[in-house]
Undergrad: 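One structure, pasted below without further comment.
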Amino acid sequence: MKEVKKIFRIVVVEDSEFFNNLLTRQLRHYTEALALEKNCRFEVQSFTNASDCLRNINSETDIAFVDFYLGSGLTADDVLEKFKKRCKDCKVVIMSQVRNLKTSIMTMAKGALDFIFKDIHALPRACFLVEEIVDKKLRYRNN
């Protein structure tokens, strides 16, 4: 049996329990197959509360999917800055139901990798980004 190359840690921060469960299940299902193909392991953690996430975030988190509007007056901008300080190599992807090009551009200018609108393409897009990030990190480690 081959030794697993790397453990990838993924975090979902979404205050809607429905979408949180949907995205988390999709990512877990997708990463099961990806783990076999790439010879790595995945840990997917989810939070419905940004404060809980920030208290429990692992500094080795690789990917975070963060809802833009997180309730309690918090936005992804607030969380993004804290993520970047605590998880230097974490790729943060912002997700929102609101289609606002200005907000998406400003968020990416602040350090988000991508901005996904929550539509019928959101879940496949999230999976595509996971695979893209994993491929880049594995390539970088092997060079």
Side-chain angles (χ1 to χ4, degrees), residues 1-72 74-101 103-108 110-143:
M1 188 168 167
K2 284 177 152 179
E3 183 180 334
V4 173
K5 289 182 185 176
K6 177 166 174 34
I7 298 172
F8 288 93
R9 291 171 179 83
I10 302 172
V11 170
V12 174
V13 187
E14 167 65 61
D15 61 338
S16 161
E17 283 192 42
F18 174 78
F19 195 77
N20 187 310
N21 288 334
L22 189 66
L23 179 58
T24 301
R25 274 190 311 200
Q26 177 71 26
L27 290 171
R28 285 184 177 144
H29 178 72
Y30 185 78
T31 57
E32 281 179 22
L34 194 60
L36 294 173
E37 180 186 329
K38 306 290 183 185
N39 189 33
C40 56
R41 210 172 86 215
F42 291 89
E43 294 175 359
V44 181
Q45 215 178 357
S46 72
F47 297 91
T48 55
N49 180 299
S51 299
D52 289 344
C53 175
L54 293 171
R55 272 194 304 277
N56 295 296
I57 193 70
N58 183 324
S59 63
E60 295 176 10
T61 299
D62 296 287
I63 307 166
F65 290 93
V66 182
D67 183 26
F68 189 82
Y69 296 105
L70 291 163
S72 304
L74 287 174
T75 66
D77 288 340
D78 304 317
V79 176
L80 179 60
E81 184 179 326
K82 291 176 181 163
F83 256 98
K84 288 298 188 181
K85 284 181 183 174
R86 212 178 269 156
C87 313
K88 303 239 185 287
D89 294 327
C90 183
K91 304 300 181 196
V92 179
V93 177
I94 308 301
M95 302 183 85
S96 180
Q97 285 181 304
V98 178
R99 285 191 172 269
N100 184 328
L101 189 58
T103 300
S104 64
I105 291 170
M106 289 177 62
T107 304
M108 290 193 305
K110 292 178 183 177
L113 174 70
D114 206 341
F115 194 102
I116 297 176
F117 297 109
K118 292 180 191 172
D119 59 15
I120 61 169
H121 306 290
L123 298 178
R125 178 81 181 129
C127 293
F128 172 78
L129 284 171
V130 167
E131 188 166 355
E132 190 176 84
I133 293 165
V134 167
D135 283 346
K136 284 180 182 175
K137 288 192 176 208
L138 289 175
R139 240 186 339 266
Y140 179 76
R141 279 185 67 181
N142 291 333
N143 289 333

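Both backbone and side-chain heavy atoms feed into the values below; hydrogens, waters and symmetry mates do not.
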Undergrad: Hey, what do you get for CE (Met95) to OG (Ser104), rounding to the nearest 0.5 Å?
TA: 13.5 Å
Undergrad: Indicate yes or no: at least one non-hydrogen side-chain atom of Leu123 is less than 4.5 angstrom from one of Leu22.
TA: yes
Undergrad: Filter on salt bridge (Lys or Arg N to Asp or Glu O under 4.0 Å), then keep only pairs touching residues 53-71, sequence neighbours left out; what's left?
TA: Lys6-Asp62, Arg9-Glu60, Asp52-Arg55, Asp62-Lys137, Asp67-Lys118
Undergrad: Checking Thr103 now: which residues fulfil side-chain hydrogen bond (donor to acceptor under 3.5 Å, both in side chains) with it, not counting sequence neighbours?
TA: Asn100
Undergrad: Using residues 127-135 as the side-chain source, report each donor-acceptor pair under 3.5 Å to any protein atom, sequence neighbours left out, with the distance given to one decimal.
TA:
{"residue": "Glu131", "atom": "OE1", "partner": "Tyr30", "partner atom": "OH", "Å": "2.3"}
{"residue": "Asp135", "atom": "OD1", "partner": "Lys38", "partner atom": "NZ", "Å": "2.7"}

Undergrad: Rounded to the nearest 0.5 Å, what separation is found between the CZ atom of Phe115 and the CD1 atom of Ile105?
TA: 10.5 Å
Undergrad: Show your working on side chain to side chain contact (heavy atoms under 4.5 Å, CB included) between Cys53 and Val11 and close with a plain yes or no.
TA: CA-CA 8 Å; Cys53 175; Val11 170; 3.8 Å; yes
Undergrad: SG of Cys90 to CD1 of Ile63: how many Å apart, nearest 0.5 Å?
TA: 8.0 Å
Undergrad: Search all heavy atoms of Ala64 against all heavy atoms of Phe83 and return the closest pair with its distance.
TA: CB-CE2, 3.6 Å
Undergrad: Please enumerate all residues that pass salt bridge (Lys or Arg N to Asp or Glu O under 4.0 Å) together with Lys88, with sequence neighbours excluded.
TA: none
Undergrad: Quick one: ring-ring contact (aromatic ring centres under 6.0 Å, His included) partners of Phe19, sequence neighbours excluded?
TA: none
Undergrad: Kindly compute the distance separating CD1 (Ile94) from OH (Tyr69), expressed to the nearest 0.5 Å.
TA: 12.0 Å
Undergrad: Does a salt bridge link Arg28 with Glu32, judged by any charged N lying under 4.0 Å from a carboxylate O?
TA: no
Undergrad: Could you give the distance from OG1 (Thr48) to CG (Leu70), rounded to the nearest 0.5 Å?
TA: 10.0 Å
Undergrad: Are the side chains of Glu43 and Asn58 in contact, using a 4.5 Å heavy-atom criterion?
TA: no
Undergrad: List in chain and number order the residues that pass salt bridge (Lys or Arg N to Asp or Glu O under 4.0 Å) with Lys110, two or more places apart in sequence or in another chain; answer none if no residue qualifies.
TA: Asp77
Undergrad: For Asn20, what residues pass the side-chain hydrogen bond (donor to acceptor under 3.5 Å, both in side chains) criterion, not counting sequence neighbours?
TA: Thr24, Ser46
Undergrad: My understanding is that only residues two or more places apart in sequence, or in another chain, count here; which of them pass ring-ring contact (aromatic ring centres under 6.0 Å, His included) with Phe8?
TA: Phe42
Undergrad: With a 4.5 Å heavy-atom cut-off, do Phe68 and Val98 have their side chains touching?
TA: no
Undergrad: Counting only heavy atoms from other residues, nucleotides and ligands, does the tally under 6.0 Å from CG of Asp89 exceed 12?
TA: no
Undergrad: Mind checking what makes side-chain hydrogen bond (donor to acceptor under 3.5 Å, both in side chains) contact with Asp119, not counting sequence neighbours?
TA: Arg99
